[in-house]
2 protein chains.
Amino acid sequence: MPRSPIEYLAELKLFYREEARMPSFSEMLGLFGVKSKNAVSRIVHELTQNKLIRRDTKGRLLPGHSFLGIKVLGFIEAGFPAPAEEQLVDTITLDEYLVQNHRDTFMLKVSGDSMIDAGIQPGDLVLLERGRAARNGDIVVAEIDHQWTMKYYEKRNGKVRLVPANKRYKAIIPKERLLISGVVIAVVRKYR
Amino acid sequence: MPRSPIEYLAELKLFYREEARMPSFSEMLGLFGVKSKNAVSRIVHELTQNKLIRRDTKGRLLPGHSFLGIKVLGFIEAGFPAPAEEQLVDTITLDEYLVQNHRDTFMLKVSGDSMIDAGIQPGDLVLLERGRAARNGDIVVAEIDHQWTMKYYEKRNGKVRLVPANKRYKAIIPKERLLISGVVIAVVRKYR
DNA sequence: TTGACATGTGAACGATCGTCCACTATACTG
DNA sequence: CAGTATAGTGGACGATCGTTCACATGTCAA
């Protein structure tokens, strides 16, 4: 029973998600339901041609971009058509999308409501990058009196203010030098 | 010059991020700066003992959990200490954290402001899962008149209403059967 | 200095890897 | 039906894999 490349790809994805690596040709015998490595070789060759999987410089198999990515369909309220072919859908991994400098990136869970008007709620996770230069309008996490706080960074005439996104709080004007722990580069909220 | 396990681990992470796979023992010769595979074998053994890298059932090396994860440090406004040892920090990958059913998950970019009071702004990415049963209070994307719209799902006395999180819009009461395209399981906002 | 221990070297080993080839089975065409 | 691609079988092959061995070197304390 001949199967389509997409079905083979699905098997590979399943394996990859379970094992966190690509299967060997021998293992693909079972996955694809064939009995000779030559058959596997051809299938792999075809998938490689279609860029569904890749090979590195040493010839080893690597997962294609669609292996971990999430499908991005389009815009809400745009009345878009749902693409039928999985290949036509753009895919991204969230980690790739959000994180640029892996080593200096870390996360914090938000516990206050001082940034509520900026759409950052208690319980949200904020992605921070250490060492970035804060620009006007950025949201930063700063250390004040051995406490960390999250505010808008505002610089006017050389004076820095930390402004909350909540009318019930006041802006903070740092007396001594300002210790910025990180610049907020993303916000993540999980519902369930 | 003897190096610490953490330095070896850093080399492995670098390699893994570039190649998307674990290096072979031969390749580690160069990475670790040693000349015999036996030396590599011991280093790998130690890293495995410390659970910094793993082996699958076939004995192949797999990346440890910290290879792709982002460090989670704690809560804002809690005045937490910054952990010095990288090993002590919990790490998560966003994809793992947010996505449960990979196949039925997709993303949309939000273009309206009808959910602004729920902290969902235009330009945000929403993560949707197809086929989940909507519960009261969930945010859903539904198809109305061939248009997709995002609203709170509200069910009272068997009647379903779609309620926006913006006072300037009205609730929608679906006339015919309601077509729910997906339930919002997460929101992601990228600043820069 | 001597002994004990940790760590690295270099080589040998069987196992598994992916490629390749000759051959067979199946499907399609005229 | 014969003729011709297309796809799979089964095995041989060299390359590379990770393991393991005996041995050399380095380090530290007695």
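A, B, ... follow the sequence lines: proteins, then strands. Residue 1 opens every chain.
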Side-chain donor or acceptor of Thr48(B) paired with backbone N/O of Val44(B) under 3.5 Å:
yes
Rounded distance (Å) that lies between atom C1' of dC17(D) and atom CG of Leu29(B)
12 Å
Check for a donor-acceptor pair, side chain of Asp104(A) on one end and backbone N or O of Glu129(A) on the other, with a separation under 3.5 Å.
no
Please give, in whole Å, the distance from dG8(D) P to Leu31(A) CG?
15 Å
Could you tell me whether Asp113(B) and Arg168(B) make a salt bridge, using a distance below 4.0 angstrom between a side-chain N and a carboxylate O?
yes
So do Leu12(B) and Met28(B) actually touch side chain to side chain, heavy atoms under 4.5 Å?
yes
Would you please name every residue forming a salt bridge (Lys or Arg N to Asp or Glu O under 4.0 Å) with Arg21(B), sequence neighbours left out?
Asp56(A), Glu27(B)
Protein-to-nucleotide contact annotation, 5' to 3' order, nucleotides 10-19 of chain C [B base; S sugar-phosphate only; - none; under 4.0 Å, heavy atom]
B------SBB
Rounded interatomic separation in angstrom, taking CD from Glu7(A) and P from dA7(D)
15 Å
What integer distance in Å separates Ile43(B):CD1 from dG18(D):C1'?
15 Å
Nearest-nucleotide wise, let me know which of Arg42(A) and Arg42(B) is further upstream toward the 5' end of DNA chain C.
Arg42(B)
If you group Ile, Leu, Val, Met, Phe, Trp and Tyr by side-chain heavy-atom gaps below 4.5 Å, do Ile139(B) and Ile180(B) land in one group?
no
